[in-house]
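Owing to the predicted nature of the structure, the values given are computational and were not obtained by experimental measurement.
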Amino acid sequence: MHLTEQSAQSFAEQWIDAWNHHDLTAIMRLYSEDIRFFSPYIIKLGMNADGVIADKQELENYFKKALDIYTDLHFELNDVLVGASSVILYYKSVSNRMAAELMELDEAGKISLVKAHYNQ
């Protein structure tokens with residue numbers, strides 16, 4: 001999927017809004033059935049020791065667990081970096097940690113790959 005600066009910004013705002021409303025249904029609509037999701041929080045929250053999820057139902061379980069633990073979760077978008085078929089969202093995450101997520105989008109505009117990074 002080809003992204004323009006405008007479409008990437010719109011996507012980022014939709015993603016942030018879904019998370020800030022703790023709307024799991026809206027969040028999951030953004031992700032492809034064919035997902036690979038890498039995050040150190042997968043390990044931190046005890047989902048698995050590898051830090052990767054490759055099943056959409058398991059991803060939903062992970063997100064639900066995160067929303068249940070971080071009841072005051074609120075993201076603040078700092079910047080959107082646009083690639084050919086990917087975007088990096090740079091935002092303030094839980095516990096005021098800065099996060100950068102590389103997201104590849106499939107032809108339908110759904111997130112098919114995520115690599116999440118956080119500062120200490």
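Ser95 contributes no side-chain N or O that, together with a main-chain N or O of Arg97, makes up a donor-acceptor pair within less than 3.5 Å. Between the Asp50 side chain and the Val52 main chain, no donor and acceptor come within less than 3.5 Å of each other. A donor-acceptor pair under 3.5 Å is formed between the side chain of Lys110 and the backbone N or O of Arg29.
Nearest approach of His22 to Leu73, heavy atoms of both residues: NE2-O, 2.8 Å. What you find for Met98 and Tyr90 is that their closest heavy atoms are CE-CZ, 3.6 Å. For Ala100 against Ile88, the heavy-atom pair with the smallest separation is CB-CG2, 4.2 Å. Here the shortest heavy-atom pairing between Tyr91 and Leu77 reads CB-CA, 3.9 Å. Leu89 approaches Ala12 most closely through the heavy-atom pair CD2-CB, 3.4 Å. Taking all atoms of both residues into account, the shortest heavy-atom contact from Ser85 to Leu3 is C-CD1, 4.3 Å.
Between the CG atom in Leu59 and the CZ atom in Arg36 there is a gap of 13.0 Å [rounded to 0.5 Å]. In this structure, NZ in Lys65 is found 6.0 Å from CG in Leu45, a value given to the nearest 0.5 Å. Atom OG of Ser39 and atom CE of Met47 lie 11.0 Å apart (nearest 0.5 Å). Going from atom OG of Ser10 over to atom CD of Glu5 covers 12.5 Å, rounded to the nearest 0.5 Å. Taking CG from Leu102 and CG from Leu113, the interatomic distance works out to 6.0 Å, rounded to the nearest 0.5 Å. Rounded to the nearest 0.5 Å, atoms CD (Glu60) and CD1 (Ile53) are 11.5 Å apart.
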| Test log, rule side-chain contact (heavy atoms from CB on, under 4.5 Å), inputs Ile35 and Ile111 | CA-CA 7 Å; Ile35 183 70; Ile111 303 165; 4.2 Å; yes

| field | Steps toward side-chain contact (heavy atoms from CB on, under 4.5 Å) verdict (Asp106, Ser32) | value | CA-CA 8 Å; Asp106 64 16; Ser32 171; 3.3 Å; yes

| field | Full working for side-chain contact (heavy atoms from CB on, under 4.5 Å) between Trp15 and Met103 | value | CA-CA 11 Å; Trp15 186 87; Met103 300 176 181; 3.4 Å; yes

| request: Start with the C-alpha gap between Ser7 and Thr4, add the side-chain angles, then the distance that decides, and say whether side-chain hydrogen bond (donor to acceptor under 3.5 Å, both in side chains) holds. | output: CA-CA 5 Å; Ser7 65; Thr4 64; 3.1 Å; yes

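Evaluation of the side chain to side chain donor-acceptor pair (under 3.5 Å) rule for Gln6 yields no partner, not counting sequence neighbours. Not counting sequence neighbours, Lys44 has no partner by the salt bridge (Lys or Arg N to Asp or Glu O under 4.0 Å) test. Evaluation of the side chain to side chain donor-acceptor pair (under 3.5 Å) rule for Glu104 yields no partner, not counting sequence neighbours. Residues satisfying the ring-ring contact (aromatic ring centres under 6.0 Å, His included) criterion with Tyr31, sequence neighbours excluded, are Phe63. Applying the salt bridge (Lys or Arg N to Asp or Glu O under 4.0 Å) criterion to Glu33, with sequence neighbours excluded, gives Lys56.
Put simply, the side chain of His74 does not reach to within 4.5 Å of the side chain of Val94, judged on heavy atoms. Proximity of Ile27 to Thr25: side-chain heavy atoms (C-beta onward) are nowhere separated by under 4.5 Å. The side-chain heavy atoms of Leu81 and Val87, taken from C-beta on, include no pair separated by under 4.5 Å.
Applying the 6.0 Å contact sphere to CZ of Phe38 captures more than 12 heavy atoms from other residues, nucleotides or ligands. Heavy-atom neighbours of Gln57 CD from other residues, nucleotides or ligands within 6.0 Å: above the threshold of 12.
Looking at Gln9 and Glu13, their side chains do bring a donor and an acceptor atom within 3.5 Å of each other.
For Tyr70 and Trp19, the ring centers are positioned 6.0 Å apart or more.
Listed by first and then second residue, the ring pair (Phe, Tyr, Trp, His ring centres under 6.0 Å) pairs that reach into residues 98-120 are Tyr41-Tyr118, sequence neighbours excluded.
Clustering ILVMFWY residues whenever any of their side-chain heavy atoms sit less than 4.5 angstrom apart, transitively, puts Leu105 in the very cluster that holds Met28.
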